[in-house]
Each structure stands twice: as structure tokens, then as C-alpha cells.
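Order of the sequence lines sets the chain letters (A, B, ...), proteins ahead of strands, with each chain counted from 1.
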Number of protein chains: 2
Amino acid sequence: MDMTETFKALSNPTRLQILMWLKDPEANFPEQGGHPGVPDELKGGVCVGSIRDKAGISQSTASQYLDVLQRCGLLLSERHGKWTYFRRNEEAIAELAEFVGGEL
Amino acid sequence: MDMTETFKALSNPTRLQILMWLKDPEANFPEQGGHPGVPDELKGGVCVGSIRDKAGISQSTASQYLDVLQRCGLLLSERHGKWTYFRRNEEAIAELAEFVGGEL
DNA sequence: ACATCATATCGTAATACTGCGATATGTCAG
DNA sequence: CTGACATATCGCAGTATTACGATATGATGT
């Protein structure tokens, strides 16, 4: 895990906000869940469009931001049908917390 | 404390390294302490020149990097005579750790 | 196959960061 | 006051980031 890349990803206010919104997807993205045939294991995952709407950014920017957060490991993505669901990678976030709380 | 600014400061490998070196100043900057008339309360503070040498960067870059780390609160500085001594702001670092370990 | 919807990727102009040398400011010794 | 030293600030060229619209890819339903 490249800490420098991770900090860079978090240095953008919108990306930081997205990561925090994803702590409580059901509260922050209530419209999520209306997708046809979404299996239970994707509960907690949020699609790009919902994040785009909530953050008030363009579709391409939303996709790019989510990619940045995924590349550094903070988010996990899974495509299901037309949608790509993003959710927090709690392991990576815990690793980051350990680093900041210990080695830093 | 602006977390976004703090993460940006840490997104540079050299700045991150400097902050970690300052965890153990006596081990990482053994030449520090040869300054005339340095009072005890500055023990643990390291001057710009020492950091410049250790990091292998120019004097202006060292000064600028330390300024970035100080502006976001991660470092504290104190001028004494010709030298400016920088040391970690453990309170701010603890606050950051709490944020990453809790709110993030 | 085709139209539609969701997302990804490309190309871009504006803006910010990087790291340096040159120069200015501040401090001490003589 | 002057010279030497430590640090701060300025100006700059190279590079990266930002955020977008346009376009491409991929999936679904008819």
C-alpha cells in the first residue's frame, strides 16, 4: 500500500467526502437499492450515478475520482449488470489508520 | 485542522519522510546539538540545514517543505539565533490519527 | 440487430505542484 | 558596520492535477 498515493487521493475534498459518505450508504444514498436483481452481497455498494448526483460533479469526474480511490486501495468495485458498485475497503482503511497512529 | 491540506502535505514522499525522521531526531540527525547556546527546550528540534542534508534537497526546497508541514499544523517551528528548529506537533498528529481511525 | 442506459476513457484548458537557482532577510562575530 | 552564515522568499520551467464535454465501451431489453 503506497501511503503517498493514498494521501494524495485523500487530499481532494470531494474524494474525502465520498469515502465518508460510503461509511453509511443507506443513509447517504437512499435511492440505492432500486436496481433490478441486485444480490444481497452488493448491499452497501453504491453506483457511480448516485455518487455523481450526491457530489454534484460530472459523470466523467465521478468515474475518475472513484478510480483514484480504488487504485490506491481505499475502495473496492464490482460490476453487476449496467452498474459498477463501489464500497469501502475497510481493511485498507484500517491499515491506513494503523500507519497514521503508529509509524507516522 | 484542514484534513485535506494535511493529506496534501503528506502526499509528497520527502515530506512524509521528514515527518517520520523527526520521530527520532537524535538517531536521524546526530549532528544536531552542535549549535552554540541551544537551550534544553529545543532538544528534539532540528534545523533546516540538517534536514536539507539528510533529504538531499536544495535549501529553498527544504525551507518550503518545512513551511508546508508547519502550515497544516504537523510541525512546530521556533527560531533561535541563526537557526529555525522544527519539531513534530504530536497533538496535531494525534488528532489526525483520531480522524483517520474514527471519522474517516 | 438496435436503441438505451450506465460507466469508462479520451482530449482539453485552467490551475496547482515541484524543485531549483537567485536573491532578500535576519542574526551573530569581530 | 561589515562579512559570514542560516533561513526565507521570489521567479521560473517542467510536470501533474482538476474537472469537464465528447466519445467509446459494455450491458440490457425489445
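In summary, of the residues considered (Q64(B), Q70(B), R71(B)), a side-chain hydrogen bond (donor to acceptor under 3.5 Å, both in side chains) with D67(B) occurs for R71(B) alone.
The shortest distance between side-chain heavy atoms of R88(A) and L19(A) falls below 4.5 Å. In this structure, the side chains of E95(A) and E98(A) stay at 4.5 Å or more apart for every pair of heavy atoms. Two residues are said to be in side-chain contact when any heavy atoms from C-beta on lie closer than 4.5 Å; L16(B) and L104(A) meet this criterion.
Among dA8(D), dT7(C), dA6(D), the nucleotide with an atom closest to any side-chain atom of W83(B) is dA6(D). Distance from the side chain of F86(B) is smallest to dA8(D) among dA6(D), dC20(D), dA8(D). With dT7(D), dT17(D), dC17(C) as the candidates, the nucleotide lying closest to the side chain of K8(B) is dC17(C). Closest to the side chain of S58(A), from the set dA8(D), dC17(C), dC20(D), is dC20(D).
If you measure from atom CD1 of I18(B) to atom P of dT18(C), you get 12 Å, rounded to the nearest angstrom. Distance CZ (R79(B)) to P (dA8(D)): 6 Å, rounded to an integer number of Å. Rounded to whole angstrom, the span from the CD atom of Q64(B) across to the C1' atom of dT9(D) amounts to 10 Å. Following rounding to the nearest Å, I57(A) (CD1) and dT17(D) (P) show an atom-to-atom distance of 17 Å. When the P atom of dA6(C) is taken as reference, atom CZ of F29(A) falls 16 Å away, rounded to whole Å. E78(A) places its CD atom 16 Å from the C1' atom of dA27(D), with the value rounded to the nearest Å. In this structure, CZ of F7(A) is placed 19 Å from C1' of dT17(D), rounded to the nearest angstrom. One can place CG of L69(A) at 16 Å from C1' of dA8(C), the figure rounded to the nearest angstrom.
Taking 4.0 Å as the cut-off between side-chain N and carboxylate O, K23(A) and E103(B) do not count as a salt-bridged pair.
Inspection of the S58(A) and T61(A) side chains reveals an N or O donor paired with an N or O acceptor under 3.5 Å.
Between dT7(D) and S63(B), no contact under 4.0 Å exists linking OP1 or OP2 to a side-chain N or O.
Ring planes of H80(B) and Y85(B): tilted class, angle from 30 to 60°. By the 30° and 60° cut-offs, the orientation of the rings of F99(B) relative to F7(B) is tilted.
By the 6.0 Å contact criterion, CD on E90(B) is enclosed, its count of non-hydrogen atoms from other residues, nucleotides or ligands being greater than 12.
Residue-level contact check: T84(B) touches the backbone only, with heavy atoms under 4.0 Å from sugar-phosphate atoms and none from bases.
No hydrogens or angles were tested; on distance alone, nothing pairs the side chain of Q59(B) with the base of dA6(D) as donor and acceptor under 3.5 Å. In this model, a side-chain donor or acceptor of S60(A) finds a partner on the base of dG21(D) within 3.5 Å.
Here the side chain of N28(B) pairs a donor or acceptor atom with the backbone of D24(B) at under 3.5 angstrom.
Listed in residue order, the members of residues 9-17 of chain A having a heavy atom less than 4.0 Å from DNA chain D are N12(A), R15(A).
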Between the protein and nucleotides 28-30 of chain C, which nitrogen or oxygen pairs come in under 3.5 angstrom?
none

